[in-house]
2 protein chains.
Amino acid sequence: MQHGYRMTTVSDGTEMRKALRDWNIDLLILDIMLPGEDGFALCRDVRRTSKIPIIMLTAVGEDTDRILGLELGADDYLTKPFNPRELLARIRAIFRRAETGSGTELTENSAEKVRFGSWVLNLGSRELRDADDVVVHLSTGEFSLLRALVKHNKRPLSRDQLVDIVRGQSSIPFDRSIDIQISRLRRKIEKDAKNPKLIKTVRGIGYQFCADVVTA
Amino acid sequence: MQHGYRMTTVSDGTEMRKALRDWNIDLLILDIMLPGEDGFALCRDVRRTSKIPIIMLTAVGEDTDRILGLELGADDYLTKPFNPRELLARIRAIFRRAETGSGTELTENSAEKVRFGSWVLNLGSRELRDADDVVVHLSTGEFSLLRALVKHNKRPLSRDQLVDIVRGQSSIPFDRSIDIQISRLRRKIEKDAKNPKLIKTVRGIGYQFCADVVTA
DNA sequence: GCAGAATGCTTCAATTTGTTACAAAAACCG
DNA sequence: CGGTTTTTGTAACAAATTGAAGCATTCTGC
């Protein structure tokens, strides 16, 4: 976590696609010079399926017109060597632009409300309601954890991943804090906390959200 | 007419305002070094009333952070001396972004009034009215804070960001003033200040305006 | 069933946030 | 100008949240 942003570094196109699939990536910074597929191809490829903001890193003398142009569709670019402050400024500018959209676009495919079991979780207002429409209070951490689980539903998430999502840090060894948060969350949303139906433990791996999640 | 764009040159802030009023200007290119009012002030001033894209021209060593940041709100900037091709590329990029932008803008030039919960906030006259059309008085700081929250609704804002927006300064360490302002604002607009529905706390991050905001 | 490991959960202290009371600063007003 | 009111920030304390420690429980492979 730096300057309020959490980042993941990958070393090639394959890792990038994996990261895009496994995490909710909000912004991509692409170097043109890469082993394997070059940045141009990657950029074009990502653009085909996603509107995620892309910043390209170029060497001097590259054809800047082409980078920002329709062909590649990057949102911005920087010439190496660049000033870190400038990168930060451009990142912020991009998010600020995106913000003025409509609000709720953590990612493009995020819906406002999701339903699972007899619960309705409103991702915008951060409210969890039961079948009778009664609000069950969740602390920030509980909401954050639940959102992570729901977002990656039916997929086991390691404690590392969860800590990373919830706290934006990589976890220290023997970090049990997620277990406790899971415990607290189960107490609130499971009918029988001893027999969890929604948040199951995947021994040796982590936790998995098992309910069908319907975006309403 | 050059490269498909028509342009008008002005020499100071007064002329600029006249041009903005008399013509349909689509994009503003602002030099920071100007006779009379400087570019920073002009930029901020334009931003108060318009969402028109702004590109700033800066000398080397300027504080690029501030330029693209929330305070000034420019869309891009270029360091002098710059390559005309690069300026052209950035102009095109900005128009391309504008095209793909979704609607629902929450800025001055679109709507004067916004509605959330049972409240109506008039951004022009700075009046907040309840369901019975009774004015609830807000101090300058309270209004400014509420406007910031509403503008970035459904998105958590850090204390730093809020201080920056409200006071135009970066906050000192351990600055709790935002918390107190939030507290005062809640007392005025929340039905139950203990259970805030509009302004929620995001622990470790800041605050988030959670209501649906409708521009009326 | 048993040993060891992984997970669940209680307790408690540290941190973060909410709020009250009060003082400084600013605006207002004659 | 002086006096008054309003606004805003600091200090101090209350409440909520959270994670570490540590023991209880469950699971796995034998």
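To find a chain, count down the sequence lines: A is the first, B the second, and so on, and within it residues start at 1. Basis for what follows: all heavy atoms, side chains included, without hydrogens, waters or symmetry-related copies. Computed from a predicted structure; not experimentally measured.
- As rounded to whole Å, 13 Å separates atom P of D:dT7 from atom CG of B:Leu185.
- Shown here are the salt bridge (charged side-chain N to carboxylate O under 4.0 Å, His left out) partners of B:Asp130, two or more places apart in sequence or in another chain: there are none.
- Applying the salt bridge (charged side-chain N to carboxylate O under 4.0 Å, His left out) criterion to B:Asp192, with sequence neighbours excluded, gives no partner residue.
- Along DNA chain C, read 5' to 3', the first and last nucleotides having any atom under 4.0 Å from a heavy atom of chain B are C:dT15 to C:dT20.
- Residues A:Gln181 and B:Glu142 each lie close to DNA chain D; by heavy-atom proximity, the contact nearer the 5' end of the strand is made by B:Glu142.
- With sequence neighbours left out, A:Lys191 forms a salt bridge (charged side-chain N to carboxylate O under 4.0 Å, His left out) with no residue at all.
- The CZ atom of A:Arg159 sits 15 Å away from the C1' atom of D:dG19 (whole-angstrom rounding).
- Every side-chain hydrogen bond (donor to acceptor under 3.5 Å, both in side chains) that B:Gln208 has, sequence neighbours left out, goes to A:Arg126.
- Both B:Tyr207 and A:Thr201 lie close to DNA chain C; mapped to their nearest nucleotides by heavy-atom distance, the more 5′-ward contact belongs to A:Thr201.
- For A:Lys194, the side-chain hydrogen bond (donor to acceptor under 3.5 Å, both in side chains) criterion is met by no residue, not counting sequence neighbours.
- Evaluation of the side-chain hydrogen bond (donor to acceptor under 3.5 Å, both in side chains) rule for B:Ser177 yields B:Arg167, B:Asp175 as partners, not counting sequence neighbours.
- Contact between the side-chain N/O atoms of B:Thr140 and the OP1/OP2 oxygens of D:dT7 is not found at any separation under 4.0 Å.
- Among the atoms of the strands shown, none is found under 4.0 Å from any heavy atom of B:Phe143.
- A sub-4.0 Å separation between OP1 or OP2 of D:dT5 and a side-chain N or O of B:His137 is absent.
- Taking the charged nitrogens against the carboxylate oxygens, B:Asp75 and B:Arg90 have no contact shorter than 4.0 Å, which rules out a salt bridge.
- Residue pairs that meet the ring-ring contact (aromatic ring centres under 6.0 Å, His included) test with at least one member in residues 188-216 of chain A, sequence neighbours left out, are A:Phe116-A:Phe209.
- The salt bridge (charged side-chain N to carboxylate O under 4.0 Å, His left out) test applied to B:Arg129 returns B:Glu127, B:Asp133, not counting sequence neighbours.
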Next item on the list: Would you give a per-nucleotide map of nucleotides 21-30 of chain D, 5' to 3', where B means the base has a protein non-hydrogen atom under 4.0 Å away, S means only the sugar-phosphate does, and - means neither?
Entry: BB---BBS--

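- For the pair B:Leu138 CG and D:dT8 P, the computed distance is 10 Å after rounding to whole Å.
- Rounded to 10 degrees, the angle separating the terminal axes of the helix from C:dG1-D:dC30 to C:dG30-D:dC1 is 40°, with each axis obtained from five end pairs.
- Rounded to a whole Å, the CD1 atom of A:Ile178 is 11 Å from the C1' atom of D:dG19.
- Here A:Arg186 pairs with A:Thr201 under the side-chain hydrogen bond (donor to acceptor under 3.5 Å, both in side chains) rule; sequence neighbours left out.
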